[in-house]
**Student:** 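Mind having a look at this structure? Questions to follow.
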There are 2 protein chains.
Amino acid sequence: MTAGNGRPATGGATPDATTGDTVAGVVRQWRAVHPDLDTAPMEIIGRVNRCAALLQQAEDAPLRRAGLSRPEFDLLGALRRTGHELTPSELARETFSSGAAVTKRLKTLTERGLVERRGDPRDRRVAHVRLTDSGRALVDGVLPEQLAYETSVLSVLAPEGQGELAGLLAELLGRLEGRLGGLRA
Amino acid sequence: MTAGNGRPATGGATPDATTGDTVAGVVRQWRAVHPDLDTAPMEIIGRVNRCAALLQQAEDAPLRRAGLSRPEFDLLGALRRTGHELTPSELARETFSSGAAVTKRLKTLTERGLVERRGDPRDRRVAHVRLTDSGRALVDGVLPEQLAYETSVLSVLAPEGQGELAGLLAELLGRLEGRLGGLRA
DNA sequence: AGCAGGTGTTTTACTCGTAAATCATAAGCA
DNA sequence: TGCTTATGATTTACGAGTAAAACACCTGCT
């Protein structure tokens, strides 16, 4: 899904006020071409992907102002919210990224003085990473702006709608993680 | 999204039945550290991102069996569902990707004999791209498998839940596209 | 002790996407 | 016509992520 990632499951189209969102238009096109197929999944998966892409693009703004990419912020955030040092492998698990990616990010974050590494005296293979004071200050400074921005973006939905959406997504995600996550474990 | 690419986890990245999804755990950690902040947006944005990541990973399987990446499938799908030729710029718009990316994908898809290019006699800058017979056959062969797979993945939600979720996402997406999409246009 | 195999981290080689520059052509206008 | 500006597409240079190999170190067995 990468939002990389994060492209519509079936492609996109131009938004049209009379049609609703772009995904609705795409689904209509598919149905016209393949009336026999059940296109219902596109209505969820296509929208999840497209929402993820749009939200990320929007969201990135406050972070960039702070000179951080989202993956970098995720890494710093993991250290901040857990409140203790983490090893590179733990960071990889926490941020759902590969060890190699973590290594690279740690390199630049260390150079920028946002995190520090400490060797483990017991096991010299492992490193312990922690936030520096300025790294912590950066996270604490950016987070409120980030949340405020997210709140304003989501305010296009009424509060009850937001609650319902969060609930449904939690249910979906919880079961996907149990099912798909379990496959890998 | 503060919860990251939807990548957070509670302390291990393993979902916990008593906790719900991984995002719930992350939000709890943030609240413990910053009790003053309104973390509600994470519950939606974090989950959207994480769902997108998990669904894409899952989804990729049927496509890869056909030797296609998702962006490639999106491009072929745009040609199939519109039913007519598209220029590279139209393809870029339809698939929400850059022109340069489309150029590269067209190159490999052309080499594989899945699409063909035709010059425009009126305006020699533009190219018209269409599916070859085998390109069309590939899309038509993969799409049903893809949809069946998506249906089975989403079946972790009850049908009414799926409908509600699709509706809420449509509302959110429609307004985001109107708001954020408008900024770029 | 010494070695086999395992684990944490980093490095290497590569893919893929993007932004910006470039190329080719069109369209408007003096 | 000949110039200027705009547009479609491609190329270039580069950044970021990944998988797999390499490296460093630990652990258990004999």
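Residue numbers begin at 1 in each chain, while the letters A, B, ... track the order of the sequences. It should be emphasised that the depicted structure is a prediction, and the values quoted were computed from it without experimental measurement.
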**Student:** Can you sort out the partners of A:Arg136 under side chain to side chain contact (heavy atoms under 4.5 Å, CB included), two or more places apart, ordered by chain and number?
**Tutor:**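 Once residues adjacent in sequence are excluded, the partners of A:Arg136 under the side chain to side chain contact (heavy atoms under 4.5 Å, CB included) criterion are A:Arg80, A:Leu131, A:Asp140.
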**Student:** Tell me, please, which residues at least two apart from A:Arg124 pass salt bridge (Lys or Arg N to Asp or Glu O under 4.0 Å).
**Tutor:**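 Per chain and number, A:Arg124 pairs via salt bridge (Lys or Arg N to Asp or Glu O under 4.0 Å) with no residue.
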**Student:** Name all residues meeting the side-chain hydrogen bond (donor to acceptor under 3.5 Å, both in side chains) criterion together with B:Arg31; count only those two or more places apart in sequence or in a different chain, and write none if there are none.
**Tutor:**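 If we apply the side-chain hydrogen bond (donor to acceptor under 3.5 Å, both in side chains) test to B:Arg31, skipping adjacent residues, there are no hits.
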**Student:** Which ones in residues 107-125 of chain A lie close to DNA chain D, meaning a heavy atom under 4.0 Å from one of its atoms?
**Tutor:**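 Here the set is A:Arg122, A:Asp123, A:Arg124, A:Arg125.
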**Student:** Show me the side-chain donor-acceptor pairs of residues 153-164 of chain B shorter than 3.5 Å, one per line, residues at least two apart or across chains.
**Tutor:**
unit_1   : atom_1 : unit_2   : atom_2 : d
B:Ser155 : OG     : B:Ser152 : O      : 2.6
B:Gln162 : NE2    : B:Leu154 : O      : 3.1
B:Gln162 : NE2    : B:Leu157 : O      : 3.0

**Student:** Under the rule for side-chain hydrogen bond (donor to acceptor under 3.5 Å, both in side chains), what residues qualify as partners of A:Ser69, not counting sequence neighbours?
**Tutor:**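 A:Ser69 satisfies side-chain hydrogen bond (donor to acceptor under 3.5 Å, both in side chains) with A:Glu72 only.
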**Student:** Identify, with sequence neighbours excluded, every residue that meets side chain to side chain contact (heavy atoms under 4.5 Å, CB included) alongside A:Glu145.
**Tutor:**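 Per chain and number, A:Glu145 pairs via side chain to side chain contact (heavy atoms under 4.5 Å, CB included) with A:Arg65.
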**Student:** Within this structure, what is the CG-to-C1' distance between B:Leu106 and C:dG17, rounded to whole angstrom?
**Tutor:**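 Result: 15 Å.
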**Student:** Under a 3.5 Å cutoff, is there a donor and acceptor pairing between the side chains of B:Thr22 and A:Glu177?
**Tutor:**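 A:Glu177 and B:Thr22 do have a side-chain donor-acceptor pair below 3.5 Å.
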**Student:** Nearest whole angstrom, please: distance from the C1' of C:dT18 to the CD of A:Gln57.
**Tutor:**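 Those two atoms, CD and C1', are 13 Å apart.
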**Student:** What is the distance, to the nearest angstrom, from the NE2 atom on A:His128 to the C1' atom on C:dG8?
**Tutor:**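 Taking NE2 of A:His128 and C1' of C:dG8, I get 11 Å after rounding.
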**Student:** For the pair made of CD in A:Glu85 and C1' in C:dG8, what is the distance, rounded to whole Å?
**Tutor:**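 For the pair A:Glu85 CD and C:dG8 C1', the rounded distance is 16 Å.
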**Student:** What string of B, S and - do you get for nucleotides 12-23 of chain D, 5' to 3', if B is base contact, S is sugar-phosphate-only contact and - is no contact with any protein heavy atom under 4.0 Å?
**Tutor:** -----BBB----
**Student:** Could you list the residues that satisfy side-chain hydrogen bond (donor to acceptor under 3.5 Å, both in side chains) with A:Arg118, not counting sequence neighbours?
**Tutor:**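 Result, side-chain hydrogen bond (donor to acceptor under 3.5 Å, both in side chains) vs A:Arg118: A:Glu85.
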**Student:** B:Asp74 has an atom CG; how far is it from atom C1' of C:dC16, in whole Å?
**Tutor:**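 So the CG-C1' distance, B:Asp74 to C:dC16, works out to 15 Å.
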